[in-house]
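To start, the structure itself, in C-alpha cells.
Computed from a predicted model, the values in this text were never measured in an experiment. Naming convention: chains lettered A, B, ... in sequence-line order (proteins, then strands); numbering from 1 in each chain.
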Amino acid sequence: MPELPDVEGFRRVVADHAAGATTRRVRVRDAGVVHGSADAFARELTGRTFGRPDRHGKWLVVPTGGRFPELLAHFGMTGAFVWGGTDEPDHRHDRVVFEFDGGALRYRDMRKLTGLRWARDESEADDVLGDLGPDAAAIDRDDLRARLTRSRRQLKPALMDQTALAGLGNLCVDEILWRSRLPPDAATTELRAPEWTNLHRRLGAVLRQSSRVGRVPDRPSWLTGHRDEHDGRCPRCSTALRRGRFGGRATVWCPHCQPG
DNA sequence: GGTCTTGTTGCACC
DNA sequence: AGGTGCAACAAGAC
C-alpha cells in the first residue's frame with residue numbers, strides 16, 4: 001500500500017497527534033523491524049519530543065528535540081502509522097509502539113521489510129536518504145524530463161526509480177501513465193515536449209488527489225479502481241484492460257488509450 | 001499445495 | 001556503466 005500518498009497520510013497522523021508530544025516509553029515488540037540494536041533504538045527515542053514530520057518520497061522523517069536524533073520510517077508494502085489510546089490492546093502486527101501522555105503511535109506492519117531507523121546526525125540521515133531523487137510531489141517539469149532521460153529506458157521502471165524521483169510506486173505509476181495516455185514501455189528518450197508537459201501535469205494531479213485521502217483512490221473513474229477486477233475495463237473507453245509485467249511489477253493498462 | 005502481492009536490496013547477466 | 005530480471009525478505013489472500 002504505502003506509496004507517496006499513503007506516507008503523506010501517515011505524516012498527517014504524526015503531525016496531528018504526536019508532534020509536540022514527548023515519548024514516555026518506546027516498546028519494540030519485534031526487533032526485526034528496527035535497524036540495528038532494538039535497545040539503542042528504544043533508548044534513543046525515549047523522552048524525546050517529536051517535532052514537525054517531513055516526508056521525502058516514501059520516507060517519513062520525524063525530528064526530535066531540536067532535530068536529532070531523527071526517526072526515519074519506511075512502510076514497505078503493508079506498513080502504517082496508527083494513532084490510538086495508550087490503553088488499547090496491541091494489534092498483532094504492531095511492531096513498535098511509541099507511547100505519549102495522550103496516546104500511542106503504532107508502527108503496524110504485516111510483513112517486515114525495511115522498517116524503522118534513527119539517525120544521530122546529518123551524515124547518518126544522508127546514508128538513508130542521500131540516494132533519493134527529488135520528491136515526486138515537488139519536482140518541476142524540466143527536472144522530471146532531465147532525470148528520466150539520462151538514458152534510454154522504459155517509462156514505467158524509470159518513474160519507479162527512487163533515485164530518479166522519489167515517491168512513486170506501482171499503483172501511482174499505472175494511474176499516471178493511464179491518465180497521460182502513455183504505454184508503460186514507452187522509451188523515455190522518445191517523448192517530446194508536449195508529452196512531458198502532460199505527464200508532469202497528470203503526475204501532479206494524481207499525487208494531489210491521492211494525498212488528500214492518504215491513498216490512491218479505487219474509485220470507478222480511476223484505473224486503480226479496476227485493477228483487481230477479473231474482467232476490468234477502461235473507465236474511459238470500456239476496452240478490456242491488459243495485464244503484464246514491466247520493471248518486474250504487475251502492470252495494468254488500456255491498449256486503446258495507451259497504444260504501444 | 002501453488003501463485004500472487006502496492007517495496008527495497010543485492011546480485012547475476014547482458 | 002547502467003538497465004534489466006530475479007530471489008529474498010514475511011505474511012497473508014486466493
Side-chain angles (χ1 to χ4, degrees), chain A residues 1-10 28-36 55-61 72-81 90-96 107-117 127-133 135-137 146-178 184-190 203 206-207 209-211 213-219 222-232 241 243-253:
Chain A
M1 174 190 2
E3 307 181 49
L4 187 155
D6 308 83
V7 181
E8 185 60 22
F10 306 148
V28 179
R29 301 183 67 235
D30 188 326
V33 305
V34 171
H35 185 260
R55 184 192 52 71
H56 192 102
K58 302 173 190 173
W59 281 92
L60 189 63
V61 181
L72 305 170
H74 193 282
F75 300 90
M77 285 207 278
T78 54
F81 263 157
D90 293 333
H91 184 282
R92 61 183 298 211
H93 296 143
D94 286 346
R95 310 297 184 181
V96 175
Y107 179 78
R108 187 170 297 175
D109 192 19
M110 183 181 74
R111 303 190 205 168
K112 300 177 284 184
L113 296 179
T114 308
L116 303 177
R117 354 184 5 139
D127 290 342
V128 181
L129 308 172
D131 287 338
L132 293 176
D135 189 80
R147 299 188 69 90
L148 265 50
T149 54
R150 288 170 173 172
S151 61
R152 179 194 175 87
R153 45 192 312 206
Q154 292 182 338
L155 187 52
K156 170 155 182 172
L159 285 165
M160 290 187 62
D161 179 352
Q162 303 297 301
T163 68
L165 78 165
L168 301 185
N170 203 26
L171 298 190
C172 278
V173 167
D174 279 4
E175 191 70 41
I176 291 163
L177 290 175
W178 175 72
D185 63 345
T188 56
T189 48
E190 301 296 318
L203 184 156
V206 167
L207 291 183
Q209 296 171 45
S210 301
S211 292
V213 292
R215 57 181 298 217
V216 184
D218 54 2
R219 292 206 295 266
W222 289 51
L223 177 71
T224 307
H226 303 275
R227 68 179 295 132
D228 293 332
E229 295 171 357
H230 239 309
D231 180 33
L241 295 173
R243 296 164 189 284
R245 292 185 83 81
F246 291 92
R249 315 301 301 192
T251 301
V252 178
W253 76 99

Approximate separation, where rounding is to 0.5 Å, of [X] [atom1] and [Y] [atom2]:
| X | Y | atom1 | atom2 | value |
| --- | --- | --- | --- | --- |
| A:D90 | A:R95 | CG | CZ | 11.5 Å |
| A:E190 | A:L155 | CD | CG | 12.0 Å |
| A:L165 | A:M160 | CG | CE | 11.0 Å |
| A:K58 | A:L132 | NZ | CG | 10.0 Å |

Exercise. When you measure from the side chain of A:R245, which nucleotide among B:dT5, B:dG7, C:dT4 comes out closest?
Worked result: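 Nucleotide nearest to A:R245's side chain: B:dT5.
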Exercise. Taking the nucleotide of DNA chain C with the closest heavy atom to each, which residue, A:R153 or A:R249, is nearer the 5' end?
Worked result: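 Going by which nucleotide is closer to the 5' end, it is A:R153.
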Nearest whole Å is fine: how far is [N] [atom2] from [X] [atom1]?
| X | N | atom1 | atom2 | value |
| --- | --- | --- | --- | --- |
| A:W59 | B:dT8 | CH2 | P | 9 Å |
| A:L148 | C:dG3 | CG | C1' | 13 Å |
| A:Q162 | C:dG2 | CD | P | 19 Å |
| A:Q154 | C:dT4 | CD | P | 5 Å |
| A:L60 | B:dG7 | CG | P | 17 Å |
| A:F246 | C:dG3 | CZ | C1' | 15 Å |
| A:D161 | C:dG2 | CG | P | 12 Å |
| A:H35 | B:dT9 | NE2 | P | 11 Å |

Problem set entry | Phosphate OP1/OP2 of C:dG2 contacted by A:S151 side-chain N/O (<4.0 Å) |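 No, no such contact exists.
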Exercise. Reckon A:H74 has a side-chain N or O less than 4.0 Å from the OP1 or OP2 of B:dG7?
Worked result: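 Result: no.
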Would you tabulate the pairs of protein nitrogen or oxygen atoms and nucleotide nitrogen or oxygen atoms of nucleotides 11-14 of chain C closer than 3.5 angstrom?
residue, atom, partner, partner atom, Å
C:dG12, OP1, A:R92, NH1, 2.9
C:dG12, OP1, A:R92, NH2, 3.0
C:dG12, OP1, A:H93, NE2, 3.0

Problem set entry | P spacing across the pair B:dT6 / C:dG3, given as an integer number of angstrom |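 Taking atom P in both B:dT6 and C:dG3, they lie 22 Å apart.
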For this session: For nucleotides B:dT8 and C:dA1, find the distance between their P atoms and express it as a whole number of Å.
Result: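 Looking at atom P only, B:dT8 and C:dA1 are 25 Å apart.
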Problem set entry | Upstream residue (5' side of DNA chain B) when A:V128 and A:N170 are each assigned their closest nucleotide |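 Nearest-nucleotide comparison on DNA chain B picks A:N170.
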Exercise. Between A:R55 and A:D135, does at least one N-O distance fall below 4.0 Å, as a salt bridge requires?
Worked result: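 Looking at A:R55 and A:D135, the cut-off is met.
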Problem set entry | Side-chain ion pair, A:R227 and A:D218, N-O less than 4.0 Å |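 No, A:R227 and A:D218 are not salt-bridged.
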For this session: Ignoring hydrogens and angles, tell me if any N or O in the side chain of A:E3 forms a donor-acceptor pair with the backbone of A:R215 under 3.5 Å.
Result: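 The answer is no, because no donor-acceptor pair under 3.5 Å joins these two groups.
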Exercise. Name the one of A:L60, A:D127, A:V61, A:L116 that satisfies side chain to side chain contact (heavy atoms under 4.5 Å, CB included) with A:L72?
Worked result: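 Filter result, single survivor: A:V61.
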For this session: Using a 4.0 Å heavy-atom cut-off across all strands, classify A:R150 as base, sugar-phosphate, or nothing.
Result: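 Here A:R150 touches no strand at all.
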For this session: Among A:W59, A:Y107, A:F81, find the one that has a ring pair (Phe, Tyr, Trp, His ring centres under 6.0 Å) with A:H74.
Result: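 Looking at A:W59, A:Y107, A:F81, the match for A:H74 under the ring pair (Phe, Tyr, Trp, His ring centres under 6.0 Å) is A:W59.
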For this session: For DNA chain B, produce a single dot-bracket line, 5' to 3'. Pairs: Watson-Crick or G-U wobble, both distances under 3.5 Å. Symbols: ( ) within strand, [ ] crossing, | other strand, . unpaired.
Result: .||||.||||||||
Problem set entry | Close side-chain approach of A:T251 to A:L177, heavy-atom, < 4.5 Å |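 When only atoms from C-beta onward are counted, A:L177 and A:T251 do not touch, as no gap falls below 4.5 Å.
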